[in-house]
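Please read the structure below before turning to the comments.
Numbers here are sequence positions counted from 1. Just so you know, these numbers use all the heavy atoms, side chains as well, and skip hydrogens, waters and symmetry mates.
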Amino acid sequence: LEKILQMLKVLFQILVNYCEIVGINHNKNTFCKNFISFVNSDYEFENEENATATNNEAEHAETILTKGIAEVSSMLFKDYSLSALLKSIVNTIKDGTDCEHALLFLKDKVNGEMRAQIGAGNDIDTVMKRFHFHQNESNDIFNLVLNKKKDLFIPEVVNSPLLNQIPDWCKKVTLPKNLLLYPLSINDACIGLIYVDNAKQLSSKSKQIFTHIDTLRNQAAMAIKQKQ
């Protein structure tokens, strides 16, 4: 950045010298005034630096997710522990999205209740105890995702038309600013879902990150199916 500014100042001095030669007052010339204003301003450079930082963060997130996918793939070809593999998937999603909570819900075989079985994040034990619900035909976002087998990402919960469809047990416990739900299916039957909230690396433009999460979701389904 300093080298660029120095170069621009040198160019400006050359411009001033040229103006003197041809008889132009650079203090009154619009182009010259705009040029020196640009040289003395760091606004554009700050934006560029912010963009670079954002790109670096996105690349770091993708690196974490890609590495996690590779590790899970390796585990699938071995005599793996299902709980350890699923924990690895949840931790990868947590670290890759830089979220506050990442949870894997699985259906309880006894009472059919969807319950957070594996989690990572702040005060996760307390969160997991509160995160369970019965699958039915209600229109809350959790049942909508399961019944429609459709992924859901809410980038701004407070401004979302789905705000009132987020259950109180979710809003009061995690205070989500953004929210992601991915249903987990085997043979067209939903057996669980992936939950992520307050993720710093998720936005409507995070297509590659969503793709990686989808891959991890498919790996989870494959691992569970193989152990059935």
Side-chain angles (χ1 to χ4, degrees), residues 82-202 204 206 209-210 213-225 227-228:
L82 181 59
S83 61
L85 185 145
L86 295 178
K87 182 67 175 177
S88 177
I89 288 175
V90 171
N91 284 337
T92 297
I93 293 173
K94 164 69 172 63
D95 295 339
T97 61
D98 194 11
C99 67
E100 192 167 346
H101 305 100
L103 299 164
L104 176 63
F105 284 78
L106 293 174
K107 181 175 288 188
D108 191 305
K109 294 181 180 179
V110 177
N111 60 18
E113 187 179 43
M114 284 289 177
R115 182 175 293 275
Q117 302 280 5
I118 298 174
N122 298 339
D123 197 17
I124 196 62
D125 291 336
T126 299
V127 172
M128 289 178 64
K129 289 177 182 178
R130 300 284 298 276
F131 268 49
H132 56 90
F133 64 96
H134 285 284
Q135 185 176 356
N136 51 44
E137 298 302 319
S138 64
N139 69 342
D140 67 84
I141 60 169
F142 289 83
N143 276 294
L144 285 175
V145 164
L146 291 174
N147 294 333
K148 292 185 177 181
K149 300 182 181 68
K150 188 174 182 179
D151 303 341
L152 175 66
F153 175 61
I154 304 177
E156 293 183 15
V157 168
V158 69
N159 295 321
S160 172
L162 296 174
L163 176 61
N164 292 329
Q165 292 172 252
I166 301 174
D168 286 341
W169 55 260
C170 175
K171 286 188 287 190
K172 291 180 179 179
V173 175
T174 61
L175 303 174
K177 296 178 182 178
N178 59 34
L179 194 61
L180 176 143
L181 297 176
Y182 271 31
L184 185 65
S185 300
I186 295 178
N187 297 331
D188 204 38
C190 278
I191 62 159
L193 62 84
I194 292 171
Y195 167 96
V196 175
D197 66 42
N198 299 324
K200 295 179 182 178
Q201 294 302 320
L202 284 183
S204 298
S206 308
I209 293 179
F210 289 132
I213 296 174
D214 181 47
T215 299
L216 289 162
R217 183 249 308 270
N218 293 338
Q219 288 180 322
M222 182 185 298
I224 294 170
K225 184 176 182 179
K227 290 294 185 178
Q228 286 182 338

- Query: Can you check side chain to side chain contact (heavy atoms under 4.5 Å, CB included) on I213 and T97, steps first, answer last?
  - Reply: CA-CA 9 Å; I213 296 174; T97 61; 3.8 Å; yes
- Message: Does L163 form a side chain to side chain contact (heavy atoms under 4.5 Å, CB included) with K171? I'd like the steps, not just the answer.
- Response: CA-CA 9 Å; L163 176 61; K171 286 188 287 190; 4.2 Å; yes
- Task: Test side chain to side chain contact (heavy atoms under 4.5 Å, CB included) on L184 and I194 and set out the steps.
- Result: CA-CA 7 Å; L184 185 65; I194 292 171; 5.5 Å; no
- Message: Is there a side chain to side chain contact (heavy atoms under 4.5 Å, CB included) between L146 and M114? Walk through the geometry before answering.
- Response: CA-CA 10 Å; L146 291 174; M114 284 289 177; 3.9 Å; yes
- Under the side-chain hydrogen bond (donor to acceptor under 3.5 Å, both in side chains) criterion, do D108 and Q117 qualify, and how do the steps go? CA-CA 9 Å; D108 191 305; Q117 302 280 5; 5.3 Å; no
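Atom CD of E137 has 12 or fewer neighbouring heavy atoms from other residues, nucleotides or ligands inside a 6.0 Å radius. Environment of CD in E113: crowded, with over 12 heavy atoms of neighbouring residues, nucleotides or ligands closer than 6.0 Å. Residue K225 qualifies as open at atom NZ: its count of foreign heavy atoms under 6.0 Å is 12 or below. Atom NZ of K149 has more than 12 neighbouring heavy atoms from other residues, nucleotides or ligands inside a 6.0 Å radius. By the neighbour-count criterion of 12 heavy atoms within 6.0 Å, atom NZ of K129 is sparsely surrounded, having that number or fewer from other residues, nucleotides or ligands.
Among K177, E100, H101, the single residue meeting the side chain to side chain donor-acceptor pair (under 3.5 Å) criterion with N198 is E100.
Between Y195 and F142, the ring planes lie parallel to each other; the angle is under 30°, not in the 30° to 60° tilted range.
Of the possible donor and acceptor atoms, one in the side chain of Q165 sits under 3.5 Å from a partner among the backbone N and O of N139.
Minimum heavy-atom separation, F210 to L180: CE2-CD1, 3.5 Å.
Within the 4.5 Å cutoff, the side chain of I191 has no heavy atoms near those of the S185 side chain.
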